[in-house]
Number of protein chains: 2
Amino acid sequence: MDRIAAFNECLRHKGLKNTSQRMIILETFLGSKSHYSTEDLYLKLRKDHPKIGYATIHRTLKLFAECGIAIELNFGDGQTRFEPLRANHHHDHLVCTSCGKVIEFTEPQIEDLQAQVAAAHGFVIKRHRHELYGLCSNCAANS
Amino acid sequence: MDRIAAFNECLRHKGLKNTSQRMIILETFLGSKSHYSTEDLYLKLRKDHPKIGYATIHRTLKLFAECGIAIELNFGDGQTRFEPLRANHHHDHLVCTSCGKVIEFTEPQIEDLQAQVAAAHGFVIKRHRHELYGLCSNCAANS
DNA sequence: TACCTTTCTGAAAGTCATTTTCATTTTCCT
DNA sequence: AGGAAAATGAAAATGACTTTCAGAAAGGTA
Ligand SMILES: [Mn+2]
Ligand SMILES: [Mn+2]
Ligand SMILES: [Zn+2]
Ligand SMILES: [Zn+2]
């Protein structure tokens with residue numbers, strides 16, 4: 001089941017309706033680079049769909065997160081970002097504080113170790129956030 | 001050099017002035033448990049120092065962070081928290097999403113692995129955030 | 001298809017943590 | 001002590017996000 005079908009399934013399950021706005025937002029969201037803030041997506045959509053309001057876009061992004069289509073990210077700049085979720089593809093982030101570049105990484109050994117840490121405290125992990133902030137190779141070279 | 005001296009040093013270095021408010025805020029901040037939001041500290045200080053304004057407290061906490069006396073934390077609840085920084089005592093956090101409990105952990109192997117990840121991307125880490133969200137042992141038992 | 005109930009939408013208003021403004025006070029260098 | 005520079009506190013402003021609400025649209029039913 002692709003993500004569009006999964007979203008429709010989630011709408012049906014929640015008793016919500018499918019609308020042209022939701023489909024447009026979903027297709028745009030899935031069809032481009034990750035890590036969108038509401039503002040980012042609003043500005044992008046405005047070109048072809050100027051009638052879609054900011055509130056609808058934000059409500060829809062939150063709905064994607066509820067439906068497991070997206071995850072919310074927060075890189076500490078005061079804006080929530082949303083990223084399409086790929087099945088079985090968890091990753092964490094390197095964030096360049098100079099140019100804003102985001103690099104994704106996966107490190108199973110870290111995942112294992114953090115599970116051990118949680119277990120040692122009797123803690124049940126629901127989700128985690130592991131972000132490394134600093135300078136990407138380009139920015140490090142030019143500084 | 002203790003943290004009060006370090007803060008005075010930082011003020012001097014930045015050409016800023018030492019004030020009674022800053023000293024009161026610093027002593028209160030250092031002298032109690034961690035993870036204060038501005039609101040938390042404002043409410044605590046109000047008992048003995050009702051004349052100190054919210055804005056001053058918030059400005060001072062930000063200044064502590066600039067001076068390396070504190071670090072900013074964000075556990076995704078919409079409030080920035082500040083924690084006194086102990087020299088050579090980095091740690092990360094387990095955050096209970098049910099009761100708000102915060103457990104600190106240190107795992108040198110994770111620190112090593114994340115350094116390797118960054119190095120592999122030519123990325124220079126300045127700081128990082130590693131937070132595990134879920135249920136503490138108490139909340140897990142009662143759910 | 002026509003109807004009807006529920007949900008959705010978009011603009012505007014509201015919320016809330018944080019930041020800024022500004023008149024006054026305080027610090028601290030000379 | 002004198003005075004320039006910075007700090008303070010109350011209030012206003014900001015900005016991301018959320019809610020409100022009246023009209024529009026979806027989609028189940030007959
Ligand atoms: Mn990502
Ligand atoms: Mn801590
Ligand atoms: Zn960069
Ligand atoms: Zn708990």
Side-chain angles (χ1 to χ4, degrees), chain A residues 4 7-26 28-29 35-67 70-82 100, chain B residues 4 7-26 28-29 35-67 70-82 100:
Chain A
I4 293 177
F7 180 58
N8 282 316
E9 175 66 30
C10 179
L11 290 179
R12 198 159 32 250
H13 182 258
K14 287 175 173 281
L16 303 180
K17 292 173 177 173
N18 195 345
T19 65
S20 62
Q21 289 91 336
R22 283 176 175 166
M23 282 302 111
I24 290 165
I25 293 167
L26 179 55
T28 304
F29 177 65
H35 314 129
Y36 270 118
S37 66
T38 302
E39 180 76 11
D40 289 342
L41 193 51
Y42 175 68
L43 293 176
K44 173 154 183 126
L45 280 165
R46 193 161 61 169
K47 294 170 195 156
D48 290 330
H49 303 282
K51 305 287 280 310
I52 300 182
Y54 181 99
T56 297
I57 294 169
H58 192 263
R59 280 186 286 230
T60 303
L61 286 170
K62 299 277 282 189
L63 181 57
F64 292 167
E66 275 182 48
C67 289
I71 49 170
E72 294 189 30
L73 302 174
N74 194 296
F75 295 152
D77 65 347
Q79 281 193 304
T80 300
R81 288 168 199 286
F82 294 83
Chain B
I4 292 175
F7 180 58
N8 282 316
E9 175 66 32
C10 179
L11 290 180
R12 197 160 32 249
H13 182 258
K14 288 175 173 280
L16 303 179
K17 293 172 178 173
N18 196 345
T19 65
S20 62
Q21 289 91 335
R22 283 176 175 165
M23 281 303 111
I24 290 164
I25 294 166
L26 179 56
T28 304
F29 178 65
H35 315 129
Y36 269 117
S37 66
T38 302
E39 180 76 11
D40 289 342
L41 193 51
Y42 174 68
L43 292 175
K44 175 159 181 120
L45 280 165
R46 192 160 63 169
K47 294 171 195 157
D48 289 330
H49 303 282
K51 306 287 281 307
I52 300 182
Y54 183 98
T56 298
I57 294 170
H58 192 263
R59 279 187 288 231
T60 303
L61 286 170
K62 300 277 282 190
L63 181 57
F64 291 167
E66 277 181 48
C67 289
I71 49 170
E72 294 189 31
L73 302 174
N74 194 297
F75 294 151
D77 64 347
Q79 280 193 304
T80 300
R81 288 168 199 286
F82 295 84

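We use all heavy atoms of the structure for the numbers below, so side chains are in, but hydrogens, waters and symmetry mates are not. Only a predicted model underlies this, so the values are computations on that prediction, with no experimental measurement involved. Every chain is numbered from 1, with letters handed out A, B, ... down the list of sequences.
Counting to the nearest Å, the C1' atom of D:dC17 and the CG atom of A:Asn74 are 12 Å from each other. With rounding to whole Å, B:Leu61 atom CG is found 10 Å from C:dT18 atom P. Rounded to whole angstrom, the span from the CD atom of A:Glu72 across to the C1' atom of D:dA16 amounts to 13 Å. The separation between B:Ile24 atom CD1 and D:dT8 atom C1' is 13 Å, rounded to whole Å. Atom CG of A:Leu63 and atom C1' of D:dT18 are 15 Å apart (whole Å). Between the CG atom of A:Asp77 and the C1' atom of D:dC17 there is a distance of 14 Å, given to the nearest Å. One atom, NZ of A:Lys62, and another, C1' of D:dA16, lie 11 Å apart when rounded to the nearest Å. Taking atom CG of B:Asn18 as the reference point, atom P of C:dT25 lies 21 Å away to the nearest angstrom.
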Would you sort out whether A:Leu63 and A:Leu16 count as a side chain to side chain contact (heavy atoms under 4.5 Å, CB included), showing the intermediate values?
CA-CA 10 Å; A:Leu63 181 57; A:Leu16 303 180; 3.9 Å; yes
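OP1 or OP2 of C:dT7 has not a single side-chain nitrogen or oxygen of A:Thr19 nearer than 4.0 Å. In this model, the phosphate group of D:dG28 is not approached by any side-chain N or O of A:Lys17 to a distance below 4.0 Å at OP1 or OP2. Put simply, B:Gln21 has no side-chain N or O that comes within less than 4.0 Å of OP1 or OP2 on C:dT25.
Side chain of A:Thr60 to backbone of A:Thr56: a donor-acceptor contact under 3.5 angstrom is found.
For DNA chain C, the neighbouring residues in residues 42-60 of chain B, judged by any heavy atom under 4.0 Å, are B:Tyr54, B:Ala55, B:His58, B:Arg59. A heavy-atom distance below 4.0 Å to DNA chain C is reached by none of the residues of residues 7-15 of chain B.
Side-chain contact check for A:Thr38 versus A:Thr80: every heavy-atom pair is 4.5 Å or farther apart. Using a 4.5 Å heavy-atom threshold, the side chains of B:Arg59 and B:Lys62 count as separate. In this structure the side chain of A:Tyr42 never reaches within 4.5 angstrom of the side chain of A:His58, judged on heavy atoms. Side-chain contact between A:His35 and A:Asp40 is absent, with no heavy atoms from C-beta onward closer than 4.5 Å. For the pair A:Ile25 and A:Phe64, the minimum side-chain heavy-atom distance is below 4.5 Å.
If you check every strand for non-hydrogen atoms under 4.0 Å, A:Thr80 touches sugar and phosphate atoms only.
In the set C:dT7, D:dG9, C:dT18, C:dT7 carries the atom at the smallest distance from any side-chain atom of A:Leu16. Picking from D:dA16, D:dG27, C:dT7 the nucleotide with the shortest atom distance to the side chain of A:Gln79 gives D:dA16.
Qualifying ring pair (Phe, Tyr, Trp, His ring centres under 6.0 Å) partners for A:Tyr36, counting only residues two or more places apart in sequence or in other chains: none. Here B:His49 pairs with nothing under the ring pair (Phe, Tyr, Trp, His ring centres under 6.0 Å) rule; sequence neighbours left out.
Under a 4.0 Å N-O distance rule, the pair B:Asp77/B:Arg81 qualifies as a salt bridge.
Applying the side-chain hydrogen bond (donor to acceptor under 3.5 Å, both in side chains) definition to pairs two or more places apart or across chains, those involving residues 13-22 of chain A are A:Asn8-A:Asn18, A:Lys14-A:Glu66.
Rounded to the nearest 0.5 angstrom, A:Ser37 OG and A:Phe82 CZ are separated by 9.0 Å.
Across the helix from C:dT1-D:dA30 to C:dT30-D:dA1, the helix axis at one end is tilted relative to the axis at the other end by 30° (nearest 10 degrees, each axis from five pairs).
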